[in-house]
Number of protein chains: 2
Amino acid sequence: MKLSAVTIKDISRELNLSTSTVSRALRDSHEISIETKQLILDYARKINYKPNRNAQSLKEKKSHSIGVIVSEIANSFFSQVINGIESIASKNGYTVNISQSMESAERELMNLEYLTSSFIDGLIISVSTETKNHLYLKEVHEKGLPIVFVDRVIDEIETHKVIADNFKGAYKATKHLINKGYSKIALVSNHAGLSIAKERLEGYKAALSEAKIPVKDNMIVFCDHGGMLYSEVESAMNSLMRLRTKPDAIFAGSDKITTGCMRFMKNKKIRVPEDLALIGFSNNDLTELLNPPLSVIKQPAFEMGEAAMTLLLSMMESKRPQQKFETRIQSTELLIRKST
Amino acid sequence: MKLSAVTIKDISRELNLSTSTVSRALRDSHEISIETKQLILDYARKINYKPNRNAQSLKEKKSHSIGVIVSEIANSFFSQVINGIESIASKNGYTVNISQSMESAERELMNLEYLTSSFIDGLIISVSTETKNHLYLKEVHEKGLPIVFVDRVIDEIETHKVIADNFKGAYKATKHLINKGYSKIALVSNHAGLSIAKERLEGYKAALSEAKIPVKDNMIVFCDHGGMLYSEVESAMNSLMRLRTKPDAIFAGSDKITTGCMRFMKNKKIRVPEDLALIGFSNNDLTELLNPPLSVIKQPAFEMGEAAMTLLLSMMESKRPQQKFETRIQSTELLIRKST
DNA sequence: ATCTTTATCGGGAACGATTGCGTTAAAATA
DNA sequence: TATTTTAACGCAATCGTTCCCGATAAAGAT
């Protein structure tokens, strides 16, 4: 079941003109008389002609659509990023193809292979926690597919990258906890292999070291799927709670982990911040209304999406392969509320 | 800047075969010897051949991609719906093209026209609050484009629809308020023209009437952009607060409105539920952790997305235009917490 | 009046994949 | 051995657009 579209041939037949002439009129070429152009445009509008984008893409070797791969759409951070991407893309006549990896390297690869079948002109990706093998990504990149990384980057691939200032964000959050008098600060981190996790870990360590607080390994726990499953956060938190010297503050390394910790504390009836303080990365705009209102590090998600799409546009529309790439680091915002 | 893809011609040239033979091998046709098939498949894998999807789409008149138009991606309800759509789509080899209307009828139409340039095989749409004129939508529908409505439907267009049981949801919420002893129950509704707003209004009225509580017009206020702007919710709430007989409970008609009301009450230091109770439609999974935990009517967003995509699939893959359409009504969940 | 320029249009070959039809040779049958 | 069947492959058209040429006629230049 498909819709029978009107083509350039239909117009040319009706108007007794060649398809070349019709095409030229529609593309506003100079080598055509103003009368025939008007004639064609009027008729085209009348029968509601729409160019077949597949034919155009085939001919021009450009699809005017891009691919976006994130771990999960229904995540406040990523949905805001996508919002930013879409807003710039649609302004520039690009269609956005979304797929989610669900933190699975396998699904990520599948989506990637499908999207890259000469189908997209560029790709914006935030790699999954599982991703270790970036052979395929590297391959299509070397073949010339413009790629921009957002948030979770791969160092080995040289291209534009848009990230938040994770180091500083983590540093600020940890320092804030220290300033508030907390000294046993635990980190509930995302998967250790992730670029953002590494950077945030460094920021956390830097703040502790600066305050001459020793960094203890057992105060750092990991959620290998970024808190996608609550059980993951639960067991991470439980391992912290079983410690002989329990933490007095938690720094959570991702959106889902932050809210997961909050849920854990509520379930276990742990008072925040009296028993345990909590701060974490989050872009959920309800954190302010939580009980207690949550202190968070907020990333400029929408702006990051905008930046990524803008950079991708510049790559897609440049004639030569670009040589110089930039890593745009956007600053985070520390919102201090009642949970710390 | 584009990637130079390897084509069927490259394979045929290298292997001294015709393009037809190569195509048949790749498509696993029967009229080909097992040896040449293996030869071709091996070589194709070696040079990492990927069929050009634009060429395939042009030939088959099927793009294997669908369009999704929602008001805003960064909205918990819609992002969950999209999640459901994407999960089914990717399983069936379909790519999902997303665009957002931002509650603007103009942007919606723009996106629609762009997507329907022989580019998508089907469409899933939740119309914007502004949408009044559905001429274009009706036109492409009559031309044969399979369409499925989710959440916000248009009655005049006969096709599959997936909605939540808005009437019952609103009825249950209102009845719950009544049972709790509230009698001055206000409704902060979405745009009056929206199908969901109408249905929820009816549910609200039904519950009140059943309890012999008169329905008062000044207790029903509207947010014409669904609460997309906080100011909208603010002025709606303010008008309720200026009433000589203020409401003792609020029933909020959409996700953004619900959280907007919550924000309003926090800002105005209105105690919930002592001064004013609050219940509303919401799919944000942090409502449970709010202060106070929010009573909500939750829609099965993910499942609605799945259902919509499944129905769309059936339309796209049926030979003949379908005659019988179903409106799938999925039941909502009433989660009673501390705010009522 | 002849030649050159210019404007305006048509013919037809791409783009990459698919497929009906024709061709060839081998295999099967009479 | 003669004839028919069948397996395996090539040729060429097609999908809808674009664009390089070439053709034509009018306009301008000499």
Side-chain angles (χ1 to χ4, degrees), chain A residues 2-41 43-44 47-65 93 114 116-121 143, chain B residues 2-41 43-44 47-65 93 114 116-121 143:
Chain A
K2 72 202 65 152
L3 64 167
S4 57
V6 22
T7 77
I8 258 186
K9 273 186 194 163
D10 298 327
I11 301 182
S12 70
R13 197 182 313 117
E14 181 66 26
L15 263 43
N16 263 332
L17 291 166
S18 78
T19 58
S20 352
T21 309
V22 176
S23 173
R24 271 188 280 256
L26 295 168
R27 297 218 112 214
D28 202 24
S29 162
H30 60 279
E31 44 177 332
I32 195 173
S33 78
I34 186 121
E35 300 87 29
T36 38
K37 187 200 286 183
Q38 206 43 249
L39 183 72
I40 291 169
L41 288 179
Y43 185 70
I47 63 172
N48 197 20
Y49 167 81
K50 294 267 163 49
N52 183 312
R53 282 184 61 191
N54 288 313
Q56 285 182 321
S57 300
L58 178 59
K59 191 91 224 309
E60 297 175 28
K61 293 177 183 296
K62 280 208 66 179
S63 66
H64 282 274
S65 68
Y114 192 58
T116 51
S117 303
S118 314
F119 183 60
I120 54 171
D121 296 340
K143 274 194 184 168
Chain B
K2 73 202 62 150
L3 67 166
S4 57
V6 22
T7 77
I8 253 185
K9 271 185 195 164
D10 299 326
I11 301 183
S12 70
R13 197 181 314 116
E14 181 65 27
L15 264 43
N16 264 331
L17 291 166
S18 77
T19 59
S20 354
T21 310
V22 176
S23 172
R24 272 187 277 255
L26 295 167
R27 297 219 112 216
D28 202 27
S29 162
H30 60 281
E31 44 177 333
I32 195 172
S33 79
I34 187 124
E35 300 88 26
T36 39
K37 187 200 287 182
Q38 206 42 248
L39 182 73
I40 290 169
L41 288 180
Y43 184 70
I47 62 173
N48 197 18
Y49 166 80
K50 296 267 164 48
N52 184 311
R53 281 183 59 193
N54 288 314
Q56 284 181 320
S57 300
L58 178 59
K59 187 88 220 315
E60 296 176 30
K61 293 177 185 296
K62 279 208 68 181
S63 67
H64 283 274
S65 68
Y114 192 58
T116 50
S117 302
S118 314
F119 183 61
I120 53 170
D121 296 340
K143 275 195 182 166

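Naming: A, B, ... by sequence-line order, numbering from 1 per chain. The figures that follow rest on heavy atoms only: side chains count, while hydrogens, waters and symmetry mates do not.
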I want to check one thing: is the phosphate of C:dC9, taken as OP1 and OP2, less than 4.0 Å away from some side-chain N or O of A:T36? yes
Side chain of B:D121, backbone of B:H64: donor and acceptor closer than 3.5 Å? yes
Could you check how far CD of A:E35 sits from C1' of C:dT8, rounded to whole Å? 10 Å
Using a cut-off of 4.0 Å on non-hydrogen atoms, how would the nucleic acid contact of A:D10 be classed: base, sugar-phosphate, or nothing? nothing
Quick one: A:L58 CG to C:dA13 C1', roughly how many Å, whole number? 13 Å
I'd like to know if A:E60 reaches the base of C:dC15 with its side chain such that a donor and an acceptor end up less than 3.5 angstrom apart. no
Kindly say whether, by distance alone, the side chain of A:K59 makes a donor-acceptor pair under 3.5 Å with the base of D:dT18? yes
When we call it a touch if two heavy atoms are under 4.0 Å apart, what does A:S33 touch: a base, just sugar-phosphate, or nothing? sugar-phosphate
If you only use heavy atoms from C-beta on, which nucleotide in C:dG12, C:dT18, D:dG16 is closest to the side chain of A:T19? C:dG12
Just by modelled atom types, is the A:S57 backbone N or O under 3.5 Å from a matching donor or acceptor in the A:S63 side chain? no
Under 4.0 Å between any heavy atoms, over every strand shown, what does B:R24 touch: base, sugar-phosphate, or nothing? Just pick one. base
Using whole Å, what does the distance between atom C1' of nucleotide C:dC15 and atom NZ of A:K62 come to? 16 Å
Would you say a side-chain N or O of A:T21 is under 4.0 Å from OP1 or OP2 of C:dC9? no
If you look at every strand shown and take non-hydrogen atoms under 4.0 Å, does B:T7 touch a base, only sugar-phosphate, or nothing? sugar-phosphate
Using OP1 and OP2 only, check whether a side-chain N or O of B:K61 sits under 4.0 Å from D:dG16. yes
Mind checking if B:I32 touches a base, just sugar-phosphate, or nothing, with heavy atoms under 4.0 Å? sugar-phosphate
Give the rounded distance in Å between these two atoms: CZ of A:F119 and C1' of C:dG16. 15 Å
Presence of A:K9 side-chain N/O under 4.0 Å of D:dC15 phosphate oxygens OP1/OP2: yes
Give the rounded distance in Å between these two atoms: NE2 of A:H30 and P of C:dC9. 13 Å
Closest nucleotide of DNA chain D for A:R27 versus for B:I34: which of these residues is on the 5' side? B:I34
Measuring only between side-chain heavy atoms, which start at C-beta, is B:I47 closer than 4.5 Å to B:Y43? yes
Between A:L15 (CG) and C:dT8 (C1'), how many Å, whole number? 15 Å
Taking OP1 and OP2 of C:dT18, is either one under 4.0 Å from a side-chain nitrogen or oxygen of B:S23? yes
Touch check for A:L17, heavy atoms < 4.0 angstrom, all strands: base, sugar-phosphate only, or nothing? sugar-phosphate
Do B:D10 and B:R13 touch side chain to side chain, with heavy atoms closer than 4.5 Å? yes
Name the residue from B:I40, B:I8, B:I32 that meets the side-chain contact (heavy atoms from CB on, under 4.5 Å) definition with B:L17. B:I40
For A:N52 and D:dT14, what is the distance between atoms CG and P respectively, to the nearest whole Å? 17 Å
Does A:Q56 reach a base, just sugar-phosphate, or nothing at all? Heavy atoms under 4.0 Å. sugar-phosphate
Note: for A:E31 and B:E31 on DNA chain C, the residue whose nearest nucleotide lies more 5' is A:E31
Please report, rounded to the nearest Å, how far the P atom of D:dC15 is from the CD1 atom of B:I8. 19 Å
When you measure only distances, ignoring hydrogens and angles, does the side chain of A:S20 come within 3.5 Å of the base of C:dG11 through a donor and an acceptor? yes
If you take all heavy atoms of B:Y49 and B:T7, which pair is closest and at what distance? CE1-C, 3.8 Å
